[in-house]
There are 2 protein chains.
Amino acid sequence: MAAAKPTGTQGKRSRRTRKAGPSVDDKSSEMPLSLERIVAASVELLDAQGVGGLTMRRLADHLEAGAMSLYWHVDNKEEVFGLALDAVLEYRAPQHVGETESWRDDVVHMLEDWRASMLRHPWSALLLPRLALGPNMLNRLELLSRALSRAGVADADLNAATWSVWNHVMGATITRGNFDRSDDDRNAAQIRLAEFGERYPTIERSRLLLEDDWDGVFRKGLDLLLDGLSSRKG
Amino acid sequence: MAAAKPTGTQGKRSRRTRKAGPSVDDKSSEMPLSLERIVAASVELLDAQGVGGLTMRRLADHLEAGAMSLYWHVDNKEEVFGLALDAVLEYRAPQHVGETESWRDDVVHMLEDWRASMLRHPWSALLLPRLALGPNMLNRLELLSRALSRAGVADADLNAATWSVWNHVMGATITRGNFDRSDDDRNAAQIRLAEFGERYPTIERSRLLLEDDWDGVFRKGLDLLLDGLSSRKG
DNA sequence: ACCTGAACACCGTTCAAGT
DNA sequence: ACCTGAACACCGTTCAAGT
């Protein structure tokens, strides 16, 4: 998928540098396009404008390139999304992972790092469920599965355990992205709820839609799952 | 949100019926637009073509209406999505709910019904995490929260428990939607994985990406959560 | 090898106008 | 009250052409 068109040999642009003069300040206007630059610009644009804000034309503009130049480097917009997503999901595991005696700490660390990466780029949680997995995401999945296996989850239960944990991270991150609105929005939602009077008494009373401790929700749910897993392996 | 523009008084279309002749078969061409018809057509279109296939123009065509007529009934495309989504999430609770002694059966039934509704309309799982909650979804959330409360979850833990269960359903449904591909696709994915050789040994060996028992995965994860909840309430 | 503009077949939405 | 077409400001992508 990220098969990567030619890369590496994108040098020799000598002739062009002179036209713009000696200004060190000429930004990226003189840099040739490259997959790396395209991906970096995509992430910037997505961070700034969200999924709907990334447009092939805007992306090209952002790179000060002709509108259609991107198509030499990339097959289509879907590929741009895929590359941007995987770029943001890179995982640098601390060395100590796997050496600790506590598998649980390893798992919690990996998952919190994953969640943090997605929260830093809110569009990623929306994109991940509809794209193929890139190498960085596959790597995270591999490490997660390995950690659970090392923790003593039986082979027969390993996939269900892996998917359950994956689902929890995905669900929690997506949910937070959708409900972690501004205080104003939250208050408006609660008021709207109150207007319905008798229809939603429980979630009105518990102020469910006003949740503001998403980190806590994530942790508590994860604890339930991990407790279940460790009690089950006996 | 679903505030509903005028509805009900959409009768008197006497003059038009004669032009088309006596044919009983003249389909919807004579019916005036209405929110209900628009929503029904949206669901049809989404079922047939997916999220990307729903277009205001196509929707109008489908309704044999002028291209821009929809805008009298609806503010914008986002509202159409919201109405279609909530339409598909209606819940008809069986009467016995709440009378059973088994809270756990109630919860499991509600969640499997919810998941089944979303799987019947795969676009709904993609849409739900980015739209405001409509009345039907709020109703499901209310019933879920109430069931957990009745089950003995302490008020202080109720919201975290509700969100955890919600996250599991969302995550599991979205995941299945993304990975439950055809056999061909799955085999291709596994082969691609094998090509990476040493990079993903665990998920290659466990054939994680070839998962085909998504119902089982959903159930097992849910059991872990509910076990945790019932053990915690003591 | 790399980039470009023009062109095609679409979008969502506004608006002034029709009945 | 309800519907319409024309128009505006966009899209993604193809293609023949440039260097």
Side-chain angles (χ1 to χ4, degrees), chain A residues 4-20 28-38 41-42 45-46 49-84 130-131, chain B residues 3-19 28-38 41-42 45-46 49-84 130-131:
Chain A
K5 292 253 179 55
T7 182
T9 28
Q10 25 91 317
K12 51 198 83 153
R13 49 189 186 78
S14 38
R15 150 191 37 92
R16 292 152 108 206
T17 36
R18 97 164 57 98
K19 180 192 169 197
S28 54
S29 55
E30 300 305 313
M31 243 184 291
L33 283 177
S34 70
L35 252 200
E36 293 79 40
R37 286 191 67 224
I38 291 174
S42 304
L45 246 165
L46 285 163
Q49 320 252 24
V51 177
L54 178 54
T55 268
M56 295 301 271
R57 287 161 139 105
R58 270 211 277 255
L59 181 53
D61 257 26
H62 202 66
L63 289 161
E64 310 200 43
M68 303 293 99
S69 310
L70 299 173
Y71 284 93
W72 194 88
H73 300 267
V74 127
D75 278 345
N76 48 42
K77 194 183 176 181
E78 196 77 355
E79 190 178 334
V80 175
F81 277 141
L83 293 170
R130 67 181 208 218
L131 298 176
Chain B
K5 293 251 179 58
T7 183
T9 29
Q10 23 92 316
K12 54 199 82 154
R13 51 190 183 77
S14 39
R15 151 192 35 91
R16 293 151 108 207
T17 36
R18 96 164 57 98
K19 180 195 171 194
S28 54
S29 55
E30 300 305 315
M31 244 182 291
L33 283 178
S34 70
L35 251 200
E36 292 78 43
R37 285 192 68 225
I38 291 174
S42 304
L45 246 166
L46 284 164
Q49 321 251 25
V51 177
L54 178 54
T55 267
M56 294 302 272
R57 287 162 139 105
R58 270 211 278 255
L59 182 54
D61 255 27
H62 201 68
L63 289 160
E64 310 199 44
M68 303 293 97
S69 311
L70 300 172
Y71 285 93
W72 193 88
H73 300 267
V74 128
D75 278 345
N76 48 42
K77 194 183 176 182
E78 195 77 358
E79 189 177 336
V80 175
F81 278 139
L83 293 170
R130 67 182 209 218
L131 298 175

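Here is how names work: the chains are called A, B, and so on, in the same order as the sequence lines, proteins then strands, and each is numbered from 1. These numbers were taken from a predicted model, which means no experiment stands behind them.
Taking only side-chain nitrogens and oxygens, A/R58 never comes nearer than 4.0 Å to OP1 or OP2 of D/dC10. Between A/H73 and C/dC3, a side-chain N or O to OP1/OP2 separation shorter than 4.0 Å is present. Taking side-chain N and O atoms only, B/T55 has no distance below 4.0 Å to OP1 or OP2 of C/dC10.
Of all non-hydrogen atoms in B/S42 and B/L54, the two that sit nearest each other are CB-CD2, 4.4 Å.
Between the C1' atom of D/dC2 and the CZ atom of B/R37 lies a distance of 14 Å, rounded to the nearest Å. Between the P atom of C/dC10 and the CE atom of B/M56 lies a distance of 18 Å, rounded to the nearest Å. Rounded to a whole Å, the CD atom of A/E79 is 14 Å from the C1' atom of D/dT13. Atom CZ in B/F81 sits roughly 11 Å away from atom C1' in C/dG12 (whole-Å rounding). When the P atom of D/dT19 is taken as reference, atom CG of A/L33 falls 19 Å away, rounded to whole Å. The NZ-P distance, from B/K77 to D/dC10, rounds to 17 Å in whole Å.
The listed nucleotides are D/dC2, D/dT13, D/dC3; the one nearest the side chain of B/W72 is D/dC2. Minimum atom distance to the side chain of A/A65 is reached by C/dT4, of the listed C/dG12, D/dT13, C/dT4. For A/M68, the listed nucleotide lying nearest its side chain is C/dA6; candidates were C/dA6, C/dT13, D/dT4. Relative to the side chain of A/Y71, the nucleotides D/dG12, D/dC3, D/dG5 differ in distance, and D/dG12 lies closest. The side chain of A/P32 lies closest to C/dC3 when the candidates are C/dG12, C/dC3, C/dC11.
Remark: C/dC8 base-pairs with D/dG12. Criterion, Watson-Crick or G-U wobble with two distances under 3.5 Å. Pairing for C/dC2 goes to D/dG18, judged as Watson-Crick or G-U wobble with the two contacts each under 3.5 Å.
Put simply, the side chain of A/I38 does not reach to within 4.5 Å of the side chain of A/L83, judged on heavy atoms. With a 4.5 Å cut-off on side-chain heavy atoms, B/L70 and B/L63 count as touching. At a threshold of 4.5 Å between non-hydrogen side-chain atoms, the residues B/M56 and B/V74 count as touching.
Between D/dC3 and C/dC15, the distance separating the two C1' atoms is 14 Å to the nearest Å.
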